[in-house]
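See structure below.
Heavy-atom basis, side chains included; hydrogens, waters and symmetry copies ignored. It should be emphasised that the depicted structure is a prediction, and the values quoted were computed from it without experimental measurement.
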Amino acid sequence: MAMASVKLNTFSPQWIAPTTFSPRRVSLPIRASSYQQELVQTAKSIASPGRGILAIDESNATCGKRLASIGLDNTEVNRQAYRQLLLTTPGLGEYISGAILFEETLYQSTTDGKKFVDCLRDENIVPGIKVDKGLVPLPGSNNESWCQGLDGLASRSAEYYKQGARFAKWRTVVSIPCGPSALAVKEAAWGLARYAAISQDNGLVPIVEPEILLDGDHPIEWTLEVAEKVWSEVFFYLAENNVLFEGILLKPSMVTPGADHKEKASPETIAKYTLTMLRRRVPPSVPGIMFLSGGQSEAEATLNLNAMNQSPNPWHVSFSYARALQNTVLKTWKGQPENVEAAQKSLLVRAKANSLAQLGRYSAEGESEEAKKGMFVKGYTY
């Protein structure tokens, strides 16, 4: 039986590619926001030599856990007292260029009535604000999560700017033991990109933070592979959302083996893998890479940062530490007014150590045993 003939020219090239399509008309340059120059200047100020970020943006619940560890109740008065200790430390601005605050702290004052944001400005420290609303389960994923908080973010950011904040932080997480699924990676990247665009539109430099959790027994090579995939997606969607790269900061986790892996990696190995990932994925136009400590001990976080600064990098490679700056401070303070000065001195010790690490000049000689204690917590939440 003869086959019916088939016409092969049903669709002409002229129909497939109409004349209205032109590469010159696909995309037009879009200005980041009316704050463009300020965003660039703020990012450069935070990414200044020998300085990094103090993260004290723990939620009230998490701050309560910290206070409970030294026998204090979780009250606003106690939270204010602790954060006042940190933010009024004399000379802190020599080592700290930015401080991430929780919303409560942004609007608080010292017991003498001085606004916390003014305490920071007097030390040439840029006030920042945590803007995400925390992690919730991601339907359709492998028991993973996504970060909420985009609803109302524009109006909240505008108010934070009026109160004195000049940069923002949004933390989402990726779990290696959970896959991670393509859905979770895409959700993390898209959420970060939308947040970054909204922040810049309201005068806040966005810190982009997809934390790859330490949980798991995987080798460092696996972490590298996941980190490269995550940051590839993040920068794709940042570009899709017309985010100004010169007006952002990154807050990555270091590329390390899983916390339960049988072999620990040296600072030199962690530096090698982490910088490999960054050089493959992060444009040199980004001003600063402000690492999170992610449950490392105070000394580990500082040693690893120091190893990454043994040769020049295209970006300012520094720190944005919470527990790795505060652990010894809390245990020194113990909630006692007479210990405030000693606790502030311990904060300066840690801040100076990380300042030296940013410059590649840190030595672990003389570090206390307390500073060497790990602080990893499985499934850590803020």
Side-chain angles (χ1 to χ4, degrees), residues 132 135-147 169-196 207-240 248-283 286 289-296 300-301 304-305 307-308 313 315 317 319-320 374 376-382:
D132 68 78
L135 301 169
V136 292
L138 176 62
S141 71
N142 186 22
N143 197 29
E144 295 162 287
S145 60
W146 68 285
C147 189
K169 176 215 163 170
W170 175 287
R171 173 190 181 253
T172 193
V173 302
V174 173
S175 170
I176 291 180
C178 290
S181 69
L183 172 65
V185 172
K186 191 176 294 289
E187 174 58 45
W190 177 256
L192 284 165
R194 290 305 306 141
Y195 136 79
I207 289 184
V208 179
E209 181 185 359
E211 179 177 355
I212 297 170
L213 298 172
L214 280 174
D215 305 59
D217 59 3
H218 49 276
I220 194 169
E221 292 82 4
W222 193 352
T223 309
L224 175 63
E225 185 177 336
V226 172
E228 287 184 354
K229 175 61 178 173
V230 170
W231 282 105
S232 176
E233 291 268 322
V234 167
F235 273 99
F236 174 79
Y237 286 116
L238 287 173
E240 286 282 290
I248 66 173
L249 297 167
L250 307 187
K251 186 169 179 176
S253 39
M254 297 176 190
V255 178
T256 69
D260 296 326
H261 188 63
K262 57 183 181 295
E263 294 180 16
K264 287 198 70 174
S266 67
E268 292 73 23
T269 299
I270 291 170
K272 174 186 172 184
Y273 277 83
T274 304
L275 291 174
T276 294
M277 182 275 291
L278 293 175
R279 286 168 183 153
R280 288 173 176 173
R281 292 294 181 265
V282 180
V286 173
I289 316 285
M290 322 299 286
F291 281 100
L292 59 90
S293 55
Q296 301 175 63
E300 279 177 333
N304 293 337
L305 178 63
M308 281 185 268
N313 292 301
W315 341 262
V317 174
F319 59 94
S320 177
F376 169 69
V377 178
K378 283 188 177 181
Y380 184 74
T381 57
Y382 282 76

**Item:** Test log, rule side-chain contact (heavy atoms from CB on, under 4.5 Å), inputs M254 and E300
**Value:** CA-CA 11 Å; M254 297 176 190; E300 279 177 333; over 6 Å; no

**Chi angles and distances behind the side-chain contact (heavy atoms from CB on, under 4.5 Å) call for W315, L249** = CA-CA 10 Å; W315 341 262; L249 297 167; over 6 Å; no

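In this structure R194 satisfies the side-chain hydrogen bond (donor to acceptor under 3.5 Å, both in side chains) test together with N241, sequence neighbours excluded. Checked against side-chain hydrogen bond (donor to acceptor under 3.5 Å, both in side chains), S253 has no partners two or more places apart in sequence or in another chain. Residues satisfying the ring-ring contact (aromatic ring centres under 6.0 Å, His included) criterion with Y195, sequence neighbours excluded, are W170. Listed by chain and residue number, nothing satisfies the salt bridge (Lys or Arg N to Asp or Glu O under 4.0 Å) test with R279 (two or more places apart in sequence, or in another chain). Residues passing the side-chain hydrogen bond (donor to acceptor under 3.5 Å, both in side chains) test with H261: none are found, sequence neighbours excluded. Under the side-chain hydrogen bond (donor to acceptor under 3.5 Å, both in side chains) criterion, T269 pairs with S266, not counting sequence neighbours. With sequence neighbours excluded, the residues forming a salt bridge (Lys or Arg N to Asp or Glu O under 4.0 Å) with K229 are E233, listed by chain and number. With sequence neighbours left out, the salt bridge (Lys or Arg N to Asp or Glu O under 4.0 Å) criterion links E240 to no other residue.
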Indicate every side-chain donor-acceptor pair of residues 271-278 with a distance under 3.5 Å to a residue at least two apart or in another chain.
from, atom 1, to, atom 2, distance (Å)
Y273, OH, E221, OE2, 3.2
T274, OG1, V255, N, 2.9
T274, OG1, I270, O, 2.7
T276, OG1, K272, O, 2.7

Check residues 172-193 and write down every donor-acceptor pair under 3.5 Å in which the side-chain atom is one partner and the other belongs to a residue at least two apart or another chain.
from, atom 1, to, atom 2, distance (Å)
S181, OG, E144, OE1, 2.6
S181, OG, A184, N, 3.1
K186, NZ, Y237, OH, 3.1

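Using a distance-only test at 3.5 Å, with no hydrogens or angles considered, no donor-acceptor pair links the side chain of D217 to the main chain of D260. Side-chain atoms of R281 come within 3.5 Å of backbone N or O of E228 as a donor-acceptor pair.
Nearest approach of P257 to T223, heavy atoms of both residues: CA-OG1, 4.3 Å. Heavy-atom minimum distance, L213 versus R171: CD2-NH2, 3.9 Å. Closest of all the heavy-atom pairs between D132 and C147 is CB-SG, 3.4 Å. Across all non-hydrogen atoms, the minimal contact from L214 to G294 is CD1-O, 2.8 Å.
Distance check: Q296 CD to T256 OG1 gives 6.5 Å after rounding to the nearest 0.5 Å. The distance from atom CG of L135 to atom CG of L138, rounded to the nearest 0.5 Å, is 10.5 Å. Atom-to-atom distance recorded for L250:CG and L292:CG is 11.5 Å, nearest 0.5 angstrom.
Between F291 and N304 the shortest side-chain heavy-atom distance does not fall below 4.5 Å. M290 places none of its side-chain heavy atoms less than 4.5 Å from the side chain of K169.
By the neighbour-count criterion of 12 heavy atoms within 6.0 Å, atom CG of N142 is densely surrounded, having more than that number from other residues, nucleotides or ligands.
Relative orientation of the H218 and W222 rings is perpendicular, given thresholds of 30° and 60° on the angle between their planes.
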